[in-house]
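Numbering starts at 1 and runs along the sequence shown.
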Amino acid sequence: TPLGDMMVDLEFVRLLEERGVPCDESGHAAEHSIENQLPFLQYLAPETRIVPLVLGQLTLPAAELLARTLVEVLRLRPALLVVTTDYLHAGEGY
């Protein structure tokens, strides 16, 4: 962002992976919706670590696994969930 890099919470990522949630950075290569949120987080809490999640079409079992895992991991440590979406990727060609 214009304010610099943000640190990824690698411990949180490890906890997700240990519980079977696949973690892969490639989903962020073409996605930009998080860029609208990060400067606000950096300004208000510059030491904040993030775990960006990009979700496409999930099967019901994958969605249930992610939901159960987030509940389990969030019971272990405090966190703020910030959710955004990009409705522009709809229709012909997407």
Side-chain angles (χ1 to χ4, degrees):
T1 76
L3 301 177
D5 293 337
M6 290 196 76
M7 299 297 298
V8 172
D9 187 339
L10 297 176
E11 174 65 15
F12 198 102
V13 172
R14 183 185 65 76
L15 292 170
L16 293 177
E17 289 178 318
E18 285 178 352
R19 289 158 175 78
V21 174
C23 297
D24 178 353
E25 292 181 30
S26 66
H28 299 281
E31 182 48 52
H32 58 86
S33 59
I34 191 173
E35 294 172 6
N36 297 316
Q37 308 300 326
L38 294 182
F40 294 102
L41 290 172
Q42 284 178 294
Y43 180 78
L44 294 172
E47 299 301 316
T48 297
R49 292 174 293 152
I50 63 170
V51 179
L53 300 174
V54 175
L55 305 176
Q57 294 179 338
L58 294 177
T59 63
L60 181 58
E64 289 172 338
L65 171 65
L66 178 59
R68 279 193 313 271
T69 303
L70 285 174
V71 167
E72 182 179 333
V73 172
L74 290 170
R75 283 186 176 143
L76 300 174
R77 54 192 296 174
L80 170 68
L81 296 180
V82 178
V83 180
T84 185
T85 186
D86 185 348
Y87 285 116
L88 295 178
H89 295 145
E92 198 170 314
Y94 291 100

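- Side-chain heavy atoms closer than 4.5 Å link hydrophobic residues (I, L, V, M, F, W, Y) into clusters, and following such links, even through other members, never connects V13 to V71.
- Going from atom CD of Q37 over to atom CE of M6 covers 11.0 Å, rounded to the nearest 0.5 Å.
- L15 places a side-chain heavy atom less than 4.5 Å from the side chain of R19.
- To the nearest 0.5 Å, atoms CD (E64) and OG1 (T69) are separated by 11.0 Å.
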- Query: Under the side chain to side chain contact (heavy atoms under 4.5 Å, CB included) criterion, do L80 and T48 qualify, and how do the steps go?
  - Reply: CA-CA 10 Å; L80 170 68; T48 297; over 6 Å; no
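- Using a 4.5 Å heavy-atom cutoff, the side chains of R14 and L10 are not in contact.
- Connection of L3 to L41 is not established within any shared hydrophobic cluster, with ILVMFWY side chains joined at heavy-atom distances below 4.5 Å, either directly or through further cluster members.
- Within 6.0 Å of atom CD in E47, 12 or fewer heavy atoms from other residues, nucleotides or ligands are found, so the atom counts as exposed in its surroundings.
- By the 4.5 Å heavy-atom criterion applied to side chains, L53 and V21 are not counted as neighbours.
- If you chain together hydrophobic residues whose side chains sit under 4.5 Å apart, V8 and L81 fall into the same group.
- Placement of V73 and L58 within a single hydrophobic cluster is found when ILVMFWY residues are connected by side-chain heavy-atom separations under 4.5 Å, directly or transitively.
- The shortest distance between side-chain heavy atoms of R77 and D9 falls below 4.5 Å.
- In this structure, L70 and F12 have side chains that are in contact, with non-hydrogen atoms separated by less than 4.5 Å.
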